**Student:** 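Here's a structure for you.
We count ligands from 1, going down the list as the structure has it; atoms in each ligand are counted the same way. Predicted, not measured: the structure shown is a model, and the values here were computed from it.
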Amino acid sequence: MSLLTWNHACSVDVRAMDDQHGILMDTMNELRLALVHGCGREQVSELLDRLIEFTRMHFWSEEQLMEQTGFAGLEEHRAEHHRMLADILQSAHRLQYGEGVQLRPMLCSLHHGFLNHIETMDQKYAPWFQERGVN
Ligand SMILES: [Fe+2]
Ligand SMILES: [Fe+2]
């Protein structure tokens, strides 16, 4: 599993959101390192909780910005955030309670899910915010 890197192509042109996306990637990298170093369930669980809390906060921040600027795609975007968070919570719960979920494929799927969301849905709001001076 390679290190999850952040690059300019993933920018959404809103500094605070780019920073938050970077922190999400950093937290997933910490999880990856915990996996490589064979860290215990407790540490992995703590990192997962941190990822979940940060994801919740990040989704809320994006939705607030969309709401404040009257972005037409808000409800569709909110529904997708809701679906993603429910998925992460379900996987984390199954992992934490040892219900046959492996961290490695779960991390890969999380990483792809986040990147896909940023490159499709998040990048859709970039021009809208730019036109309104949110940067
Ligand atoms: Fe989003
Ligand atoms: Fe985002």
**Student:** Kindly write out the residues that satisfy ring-ring contact (aromatic ring centres under 6.0 Å, His included) with Phe129, not counting sequence neighbours, or none if the list is empty.
**Tutor:**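 If we apply the ring-ring contact (aromatic ring centres under 6.0 Å, His included) test to Phe129, skipping adjacent residues, the hits are Tyr125.
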**Student:** Does the distance from a Lys or Arg side-chain N to an Asp or Glu carboxylate O, for Arg56 and Glu53, drop under 4.0 Å?
**Tutor:**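 Looking at Glu53 together with Arg56, the answer is yes, because their closest N to O distance falls below 4.0 Å.
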**Student:** Is atom CD of Glu76 surrounded by more than 12 heavy atoms (other residues, nucleotides or ligands) closer than 6.0 Å?
**Tutor:**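 Result for CD/Glu76: open.
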**Student:** Check His77 and report its N/O/S atom nearest to the Fe ion (ligand 1), by atom name.
**Tutor:**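 It is NE2, the N, O or S atom of His77 closest to the Fe ion (ligand 1).
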**Student:** Which protein N, O or S atoms lie under 2.8 Å from the Fe ion (ligand 2)?
**Tutor:**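 Atoms qualifying: His21 NE2, His58 NE2, Glu62 OE2, Asp122 OD2.
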**Student:** Using distance alone, with no hydrogens and no angle criterion, decide if His58 and His21 have a side-chain donor and acceptor under 3.5 Å apart.
**Tutor:**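 Yes, because at least one side-chain N or O of His58 sits under 3.5 Å from a partner of the opposite role on His21.
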**Student:** The test is side-chain contact (heavy atoms from CB on, under 4.5 Å); show your working for Glu67 and Arg78 and say whether it passes.
**Tutor:** CA-CA 10 Å; Glu67 203 167 309; Arg78 201 199 301 271; 3.5 Å; yes
**Student:** A quick test of your reading: do over 12 heavy atoms of other residues, nucleotides or ligands sit less than 6.0 Å from CZ of Arg83?
**Tutor:**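 Yes, the 6.0 Å shell around CZ holds more than 12 heavy atoms from other groups.
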